[in-house]
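Excluded from the calculations below are hydrogen atoms, water molecules and symmetry mates; all remaining heavy atoms, backbone and side chain alike, are included. All values derive from a computational prediction rather than experimental measurement. The first residue of the sequence shown is numbered 1, and numbering continues consecutively from there.
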Amino acid sequence: MGSTASETEAADEGAAGAQSAAGPAAAAASLQESALDPSTADRKAAGTAERAVHAAGTAPPAGAVPLLEPRDGVPPVITTASGLERVIDAFAAGTGPVAVDAERASGYRYGQRAYLIQLRRRGAGTALIDPVALPDLSGLDAALDGAEIVLHAATQDLPCLGEVGIRPRRLFDTELAGRLLGYPRVGLGSMVENVLGFSLEKGHSAADWSTRPLPEDWLRYAALDVELLVELRDALRDELQAAGKLEWALEEFAAILATPPKPPRPDPWRRTSGIHRVRNRRALAVVREVWNARDRIARERDLSPGRVLQDAAIIELAQQLPKTPADLQALPTMRGRGARRHQTAWLRAVSRARSLPDKALPEASVPGDGPPPAHRWPERDPQADERLAAARAVVAALADEHTMPTENLVQPDCVRRLAWSPPDEPTPEAIGAALRGLGARAWQVRLVAKPLAKAFQRLYAKGEL
């Protein structure tokens, strides 16, 4: 399987090189001609032509071709064990990378579980799997062992894929590749359009994917999301190679897979939108109690917490402290049916907070594990503020030089922590070690350690530190 995939990639790269030799004008003409009839072969030629145009620094041909139908039609949703076995056999026999996507019901359901999983592979076609009916896909994961999994914005989908047993060992993230290459818009639709010359319909991206049965047009949309994902991967891999950034990307992909899940926040209620307007500890206790009540109801009813009670209502309850149903119903944010349905729970939560002894009230703020907010640095530590300004200037210049967002060159939190607590001697070696300790990848350290060390050393030499 591995050798077949390599041969396929080599053939694609050879075709791309031959097309590039014909020049960007010929590439654009080929793309426009193939757009008249976007069959499977023509789509591949179109993608090859588009890669040549982009690599030559020429704008893609005007008028992307709408991608309206999967090349093999809309497949049925797999809901049975026997159907899953057929998918496993087909994908095990397929070759090359595997395009994967997951649809959630954010804004509708509690949590971030997947409600539809889409896959596509050369030789296997496209499969749509219902993970509600088939919650254990570890057999499929085993069949794909060793295959490169292609995801767009992998960090969004990996947790819900892991819940059903799909845990990639090799990854290609097309969104992250686009960022490293400096694309200004890295959504899937924008990337497919700008790189391959096809437009995807995105009308169902915010749909309630927990709906059953799923409408046919939703399934078509879902299948199209993986229709050209491998072709997009191939094109971006070529661009990364040409730009000298492929090894950077591979390090980033490996880091994504190696990063453990984030532990639960100790006080998740402190993330309530608008909590900065809550001025005292008693009101904070109301936020905490109401938030916890909302979370319990949302979990029990499998609803997004915002559909049970909006954050704005929690803040208003904390500010107004209603005592009776009439008090509560008079609040502007409590006039919706969802908010009133559980008014007894909200009043009880407010009452609990009002009756807490002072020692049980939450602190106004909790100390973090990092430096203070940057806007406080001038008064807290002016020298650290000087280092931060210098470090940000270095990172911004390097990011511009290498055509990528500053946050992809090195994480802003990493820069802040380094500026707040630098090594005693800011040598390139010491700065590099500090960056590695903060999670920077090897390629990032190679690019930024020496310039940052020079910037810090200049401040020391000027007597500003």
Centre-to-centre under 6.0 Å for Trp443 and Trp248, is that the case here? yes

Quick one: CG on Leu68 to OG on Ser199, what's the gap to the nearest 0.5 Å? 7.0 Å

Inspect the contact between Arg71 and Glu231 and indicate whether a charged nitrogen and a carboxylate oxygen are less than 4.0 angstrom apart. yes

Salt-bridge test for Arg288 and Asp267: reply yes if a basic N is under 4.0 Å from a carboxylate O, no otherwise. no

Could you walk me through whether Tyr110 and Asp295 pass side-chain hydrogen bond (donor to acceptor under 3.5 Å, both in side chains), step by step? CA-CA 9 Å; Tyr110 189 86; Asp295 191 66; 2.9 Å; yes

Is any side-chain heavy atom of Met191 closer than 4.5 Å to one of Thr174? no

Should Asp385 and Arg376 count as an ion pair when the cut-off is N to O under 4.0 Å? no

What's the verdict on side-chain contact (heavy atoms from CB on, under 4.5 Å) for Ile256 and Leu158, showing C-alpha distance, side-chain angles and the deciding distance? CA-CA 9 Å; Ile256 290 173; Leu158 284 173; 3.6 Å; yes

Does any part of the side chain of Arg335, heavy atoms only, come nearer than 4.5 Å to the side chain of Gln329, both counted from C-beta? no

Distance check, rounded to the nearest 0.5 Å: Asp413 atom CG versus Leu418 atom CG? 11.0 Å

Decide yes or no on side-chain contact (heavy atoms from CB on, under 4.5 Å) for Asn194 and Arg185, but give the supporting numbers first. CA-CA 9 Å; Asn194 292 328; Arg185 296 184 299 159; 4.1 Å; yes

Examine distances only and state if a side-chain atom of Arg380 and a backbone atom of Pro372 form a donor-acceptor pair shorter than 3.5 Å. no

Only distances under 3.5 Å count here; give the side-chain donor-acceptor pairs of residues 259-266 to other protein atoms, sequence neighbours excluded, each with its distance to 0.1 Å.
| unit_1 | atom_1 | unit_2 | atom_2 | d |
| --- | --- | --- | --- | --- |
| Thr259 | OG1 | Ala255 | O | 2.6 |

Decide, yes or no, whether a salt bridge links Asp173 with Arg233 under the criterion of side-chain N to carboxylate O below 4.0 Å. no

In the structure I gave you, are the side-chain heavy atoms of Leu347 and Thr324 within less than 4.5 Å of one another anywhere? no

Hey, can you pull the donor-acceptor pairs under 3.5 Å for the side chains in residues 315-323, sequence neighbours left out?
| unit_1 | atom_1 | unit_2 | atom_2 | d |
| --- | --- | --- | --- | --- |
| Glu316 | OE1 | Thr333 | N | 3.1 |
| Glu316 | OE1 | Thr333 | OG1 | 2.3 |

Looking at Arg441 and Glu251, does any basic side-chain N land under 4.0 Å from a carboxylate oxygen? no

Is a donor from one side chain sitting under 3.5 angstrom from an acceptor on the other, for Glu175 and Tyr183? no

Any chance CZ of Arg299 has more than 12 other-residue heavy atoms, nucleotides or ligands included, within less than 6.0 Å? yes

Would you call Arg169 and Asp145 a salt bridge, using N to O less than 4.0 angstrom? yes

If only atom types and distance count, is the side chain of Arg282 paired as donor or acceptor with the main-chain N or O of Leu356 below 3.5 Å? yes

About how many Å separate CH2 of Trp269 and CG of Leu284, when rounded to the nearest 0.5 Å? 5.0 Å

Is the terminal nitrogen or CZ of Arg121 (NZ for Lys, CZ for Arg) located under 6.0 angstrom from the six-membered ring centre of Phe91 and within 45° of that ring's axis? no

With heavy-atom distances below 4.5 Å as the criterion, would you say the side chains of Arg113 and Arg109 are in contact? no

Is Arg270 close to Pro362 at the side-chain level, that is, under 4.5 Å between some pair of heavy atoms? yes

Any luck finding a side-chain donor-acceptor pair between Asp217 and His204 under 3.5 Å? yes

What are the two closest heavy atoms between Val164 and Pro131, and how far apart are they? CG1-CB, 4.0 Å

Which heavy atom in Thr126 sits nearest to a heavy atom in Ala223, and how many Å separate them? CG2-CB, 4.3 Å

Rounded to the nearest 0.5 Å, what separates atom CG in Leu309 from atom CD1 in Ile297? 8.5 Å

Trp209 vs Val132, test: side-chain contact (heavy atoms from CB on, under 4.5 Å). Steps then yes/no. CA-CA 11 Å; Trp209 288 91; Val132 178; over 6 Å; no

Verify the distance criterion only: is there a donor paired with an acceptor across the side chains of Ser106 and Gln112 at less than 3.5 Å? yes

Which heavy atom of Cys414 sits nearest a heavy atom of Leu435, and at what distance? SG-CD2, 3.6 Å

Distance check, rounded to the nearest 0.5 Å: Leu84 atom CG versus Leu137 atom CG? 6.0 Å

Are the side chain of Arg348 and the backbone N or O of Gln343 linked by a donor-acceptor pair below 3.5 Å? no

Does any N or O in the side chain of Asp311 come within less than 3.5 Å of the main-chain N or O of Ser273, such that one atom is a donor and the other an acceptor? yes

With rounding to the nearest 0.5 Å, note down the distance linking CG in Asp400 to OG1 in Thr406. 10.5 Å

Arg104 vs Asp157, salt bridge (Lys or Arg N to Asp or Glu O under 4.0 Å): CA-CA, chis, key distance, verdict: CA-CA 9 Å; Arg104 298 177 296 277; Asp157 286 342; 2.5 Å; yes

Do the non-hydrogen side-chain atoms of Asp225 and Glu103 ever get within less than 4.5 Å of each other? yes

Given 3.5 Å as the limit, does a donor-acceptor pair link the side chain of Gln444 with the main chain of Leu409, or not? yes

Out of Asp208, Asp302, Thr211, Leu303, which residue meets the side chain to side chain contact (heavy atoms under 4.5 Å, CB included) rule with Tyr108? Asp208

So which heavy atom on Leu361 is nearest to which on Ala285, and how close? CD2-CB, 3.7 Å

Hey, mind stepping through Glu227 and Gln118 against side-chain contact (heavy atoms from CB on, under 4.5 Å) and telling me if it holds? CA-CA 10 Å; Glu227 179 77 3; Gln118 311 99 280; over 6 Å; no

Please check if the side chain of Lys245 supplies one atom and the backbone of Glu239 the other of a donor-acceptor pair under 3.5 Å. no

Grab the two heavy atoms, one from Ala298 and one from Ser304, that are nearest each other, plus how far apart they are. CB-C, 4.4 Å

State plainly whether the residues Arg212 and Asp130 are in salt-bridge range, i.e. N to O under 4.0 Å. yes

Heavy-atom distance under 4.5 Å between the side chains of Leu151 and Leu161, does that happen here? yes

Would a 4.5 Å heavy-atom cut-off, applied to side chains only, mark Trp420 and Leu388 as touching? no

Taking only Lys NZ, Arg NE, NH1 and NH2, and the carboxylate oxygens of Asp or Glu, determine whether Arg220 and Glu69 approach each other closer than 4.0 Å. yes

Between Asp72 and Gly125 the two heavy atoms that sit nearest each other are OD2-CA, 4.1 Å

Using only atom types and a distance under 3.5 Å, with no angle test, would you say the side chain of Thr80 pairs donor to acceptor with the backbone of Gly83? yes

With a 4.0 Å cut-off, would you call Asp234 and Arg122 a salt bridge? yes

